[in-house]
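What follows is a set of notes on a single structure, which appears directly below.
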Amino acid sequence: MDQGAPDTIKQREISFNPLHPDPSQARSAMLLLSGVVGVVDMRLLDDSRLHIRYDIRFVTLKLIEDALVEVGFHLQNTLLVKLKRALYHYTEEVQQDNMGCPKGDPNCTQKVFVNRYQKLPHGCRDERPEHWRKYL
């Protein structure tokens with residue numbers, strides 16, 4: 001994977017709730033997220049905090065956090081963390097929309113070219129309505 005444009009690589013901190021049966025959720029999350037397409041780099045800050053770098057063309061913070069919660073991790077839910085999380089989710093969604101990527105679609109650039117090809121005039125198109133095509 002190429003490093004991408006500098007504005008598509010995001011650096012975030014994921015904080016976990018320390019009141020969990022797994023005392024080192026950050027380490028467990030790091031092992032789970034290693035090998036995920038779009039995750040560039042991860043670093044443990046302590047047992048309950050993980051620093052992560054990822055490319056929003058492939059994955060967003062919302063997708064990462066939703067996946068972690070789905071498998072049983074408990075994220076920190078203080079007011080400040082919730083506000084930061086909401087701001088990050090919104091800005092990444094807007095940036096993906098501005099790049100032409102629909103929500104959570106990793107192959108958005110391919111679809112742009114496919115849509116463009118479908119709109120170009122060429123000889124591979126049957127202009128008849130669908131219900132007339134089955135009679136010939």
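Reckoned from all heavy atoms, side chains included, excluding hydrogens, waters and symmetry mates.
Taken from CG in D55 to OG1 in T60, the straight-line distance is 11.5 Å, to the nearest 0.5 Å. Considering CD of E92 and OG1 of T8, their distance stands at 11.0 Å, rounded to 0.5 Å.
Partners of D22 under the side-chain contact (heavy atoms from CB on, under 4.5 Å) rule, at least two apart in sequence or in another chain, are H20, S24, Q25, S28. Under the side-chain contact (heavy atoms from CB on, under 4.5 Å) criterion, V69 pairs with L75, sequence neighbours left out.
Side-chain contact check for M42 versus L50: some heavy-atom pair is nearer than 4.5 Å. For the pair I14 and F73, the minimum side-chain heavy-atom distance is 4.5 Å or more.
In terms of hydrophobic clustering, with Ile, Leu, Val, Met, Phe, Trp and Tyr side chains grouped at heavy-atom distances under 4.5 Å, L87 and V59 are assigned to different clusters. Under a hydrophobic-cluster definition in which Ile, Leu, Val, Met, Phe, Trp and Tyr are linked whenever side-chain heavy atoms come within less than 4.5 Å, directly or via other members, L61 and L44 are assigned to the same cluster. Transitive grouping of hydrophobic side chains (ILVMFWY, heavy atoms separated by less than 4.5 Å) keeps L31 and V39 in distinct clusters.
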For the pair M99 and R57, evaluate side chain to side chain contact (heavy atoms under 4.5 Å, CB included) and give the outcome as yes or no after the intermediate values. CA-CA 9 Å; M99 290 187 309; R57 294 176 298 169; 3.9 Å; yes

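Looking at every heavy atom in both residues, F16 comes nearest to A26 through CE1-CA, 3.7 Å. Between Q96 and I56, the closest heavy-atom pair is NE2-O, 2.6 Å. Closest non-hydrogen pair, I52 versus L33, comes out as CD1-CD1, 4.0 Å.
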Please table the atom pairs, donor to acceptor, closer than 3.5 Å between any side-chain atom in residues 76-83 and protein atoms at least two apart or in another chain.
residue, atom, partner, partner atom, Å
N77, OD1, R85, NH1, 3.1

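Listed for the D46 side chain is a donor-acceptor partner under 3.5 Å among the backbone atoms of R49. At least one donor-acceptor pair closer than 3.5 Å links the side chain of K10 to the backbone N or O of D7.
Within 6.0 Å of CZ on R12 lie more than 12 heavy atoms contributed by other residues, nucleotides or ligands.
For the 3.5 Å distance criterion, the side chains of E65 and Y88 fail to qualify, holding no donor opposite an acceptor.
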